[in-house]
Colleague: 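Once you've had a glance at the structure underneath, I'll fire off some questions.
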Amino acid sequence: MVSAGKTPPGTRGALDLSGVTHASFGRRFGALLIDWALATVVAAVIVDDLRANPWPQLGIFVLVHAFFVGLFGQTLGMALARIRCVSIVDGGAIGLPRAILRALLLAVVIPAVINDGDGRGLHDRAARSVMVQR
C-alpha cells in the first residue's frame with residue numbers, strides 16, 4: 001500500500017501521492033449525488049415504482065460507476081465536479097475489475113465513510129485508487 005506522499009521502494013511507475021491534489025469531500029459527495037440522481041432517473045424509466053423496488057436504482061449506479069471509472073477514470077458526476085479516480089500504480093484509469101470492486105464497496109456505504117489521512121476510503125484502498133482534483 002502507498003501511504004501519504006510516499007512511493008514504496010522498488011515500485012516502478014507508482015503515482016507519487018505528494019504531487020497530486022486530493023479531491024475534497026465536498027466535490028466527492030457532490031459527484032456522488034449527481035451520479036445517484038442520474039441512476040434514479042434511468043431506473044425510474046425502467047421500473048414502474050422505485051419505492052416498491054429500489055434495487056434497479058442501485059444496480060444501475062454500480063454498473064455505470066464501474067464502467068465509466070474503470071475505463072475512463074470518471075463518471076459524469078465526477079466530470080462535473082472536476083475530479084478523477086486514478087490508479088495509485090500508474091495514475092491512469094483503474095480498469096474494470098478494480099472498478100467493479102470499488103463500486104460494490106461504495107454501494108455498501110460503510111467502506112466509503114471510513115477514511116485514512118489522505119481522504120481515501122476503504123473502497124479506494126481496496127481498488128488501489130485515489131480521487132484527485134483536475
Side-chain angles (χ1 to χ4, degrees):
M1 286 277 147
V2 175
S3 61
K6 297 181 183 162
T7 303
T11 305
R12 244 196 290 185
L15 180 66
D16 183 11
L17 295 179
S18 65
V20 298
T21 303
H22 295 278
S24 68
F25 175 78
R27 286 181 186 254
R28 292 173 66 139
F29 189 68
L32 182 67
L33 287 178
I34 293 167
D35 291 336
W36 186 257
L38 291 172
T40 302
V41 169
V42 172
V45 171
I46 296 171
V47 178
D48 291 335
D49 185 13
L50 284 177
R51 291 175 293 171
N53 187 11
W55 293 108
Q57 182 178 11
L58 184 62
I60 289 168
F61 175 80
V62 168
L63 288 174
V64 169
H65 188 86
F67 178 79
F68 284 102
V69 169
L71 297 180
F72 306 109
Q74 65 185 160
T75 62
L76 181 60
M78 290 178 190
L80 292 173
R82 302 187 55 86
I83 58 176
R84 296 183 68 81
C85 180
V86 297
S87 171
I88 62 170
V89 176
D90 62 5
I94 62 175
L96 287 176
R98 289 171 34 196
I100 291 168
L101 172 65
R102 185 181 189 279
L104 289 171
L105 289 173
L106 183 61
V108 175
V109 177
I110 300 299
V113 297
I114 300 173
N115 292 315
D116 63 7
D118 292 333
R120 292 174 60 214
L122 293 178
H123 63 301
D124 279 325
R125 294 187 71 73
R128 295 187 323 260
S129 64
V130 63
M131 295 295 295
V132 297
Q133 194 168 323
R134 292 190 299 137

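Note that the numbering runs from 1 along the sequence shown for the chain.
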Colleague: Pairs in or reaching into residues 71-80: which pass side chain to side chain donor-acceptor pair (under 3.5 Å), with residues at least two apart or in two chains?
Modeller: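 Side chain to side chain donor-acceptor pair (under 3.5 Å) check on residues 71-80 returns D35-T75, Q74-R84.
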
Colleague: Only counting residues at least two apart or in another chain, list the ones meeting salt bridge (charged side-chain N to carboxylate O under 4.0 Å, His left out) with D48.
Modeller: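 Applying salt bridge (charged side-chain N to carboxylate O under 4.0 Å, His left out) to D48 gives none.
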
Colleague: Membership question, hydrophobic clusters at under 4.5 Å side-chain separation (ILVMFWY): are F72 and I60 in the same one?
Modeller: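 The answer is yes; both residues are in one hydrophobic cluster.
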
Colleague: Do you know which two heavy atoms are closest between V62 and A107, and how far apart they sit?
Modeller: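 Where V62 meets A107 most closely, the heavy atoms are CG2-CB, 3.7 Å.
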
Colleague: Locate the shortest heavy-atom distance separating A31 from A81; write the atom from each residue and the value.
Modeller: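 Heavy atoms of A31 and A81 come nearest at CB-CB, 4.0 Å.
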
Colleague: Within this structure, what is the CD1-CG distance for the pair I110 and L105, rounded to the nearest 0.5 Å?
Modeller: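 These two atoms lie 11.5 Å from each other.
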
Colleague: Indicate the atoms forming the closest heavy-atom contact of Q133 with H22, along with that distance.
Modeller: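 For Q133 and H22, the tightest heavy-atom pair comes out as OE1-O, 4.1 Å.
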
Colleague: Using the test side-chain contact (heavy atoms from CB on, under 4.5 Å), find all partners of L33 that sit at least two apart in sequence or belong to another chain.
Modeller: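 Result, side-chain contact (heavy atoms from CB on, under 4.5 Å) vs L33: F29.
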
Colleague: With a cut-off of 3.5 Å and sequence neighbours excluded, list every side-chain donor-acceptor pair involving residues 63-71.
Modeller:
unit_1 : atom_1 : unit_2 : atom_2 : d
H65    : NE2    : R102   : NH1    : 2.8

Colleague: Please find the pair of heavy atoms, one from D90 and one from S87, that lie closest to each other, and give the distance.
Modeller: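 Closest heavy-atom pair between D90 and S87: OD1-CB, 3.4 Å.
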
Colleague: With a 4.5 Å heavy-atom cut-off, do I94 and R128 have their side chains touching?
Modeller: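 Not touching, per the 4.5 Å side-chain cut-off.
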
Colleague: Between I83 and R28, which heavy-atom pair has the shortest distance, and what is it?
Modeller: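 Heavy atoms of I83 and R28 come nearest at CD1-CA, 3.9 Å.
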
Colleague: Find out if a path of hydrophobic residues (ILVMFWY) with successive side-chain heavy-atom gaps under 4.5 Å connects I100 to F61.
Modeller: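 In one cluster with I100: F61, yes.
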
Colleague: Does atom CZ of R82 have more than 12 heavy-atom neighbours from other groups under 6.0 Å away?
Modeller: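 Not buried by this count: 12 neighbours or fewer within 6.0 Å.
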
Colleague: Report whether I88 and V86 are members of the same hydrophobic cluster (ILVMFWY, side-chain heavy atoms less than 4.5 Å apart, transitive linking).
Modeller: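 Yes.
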
Colleague: In a table with atom names and distances, give each donor-acceptor pair under 3.5 Å that connects a side chain of residues 36-47 to protein atoms at least two apart or in another chain.
Modeller:
unit_1 : atom_1 : unit_2 : atom_2 : d
T40    : OG1    : W36    : O      : 2.8
T40    : OG1    : Q57    : NE2    : 2.3

Colleague: Only counting residues at least two apart or in another chain, list the ones meeting salt bridge (charged side-chain N to carboxylate O under 4.0 Å, His left out) with R98.
Modeller: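 If we apply the salt bridge (charged side-chain N to carboxylate O under 4.0 Å, His left out) test to R98, skipping adjacent residues, there are no hits.
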
Colleague: Can you tell me how far CD1 of I34 sits from CE of M78, rounded to the nearest 0.5 angstrom?
Modeller: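 One finds 11.0 Å between CE of M78 and CD1 of I34.
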
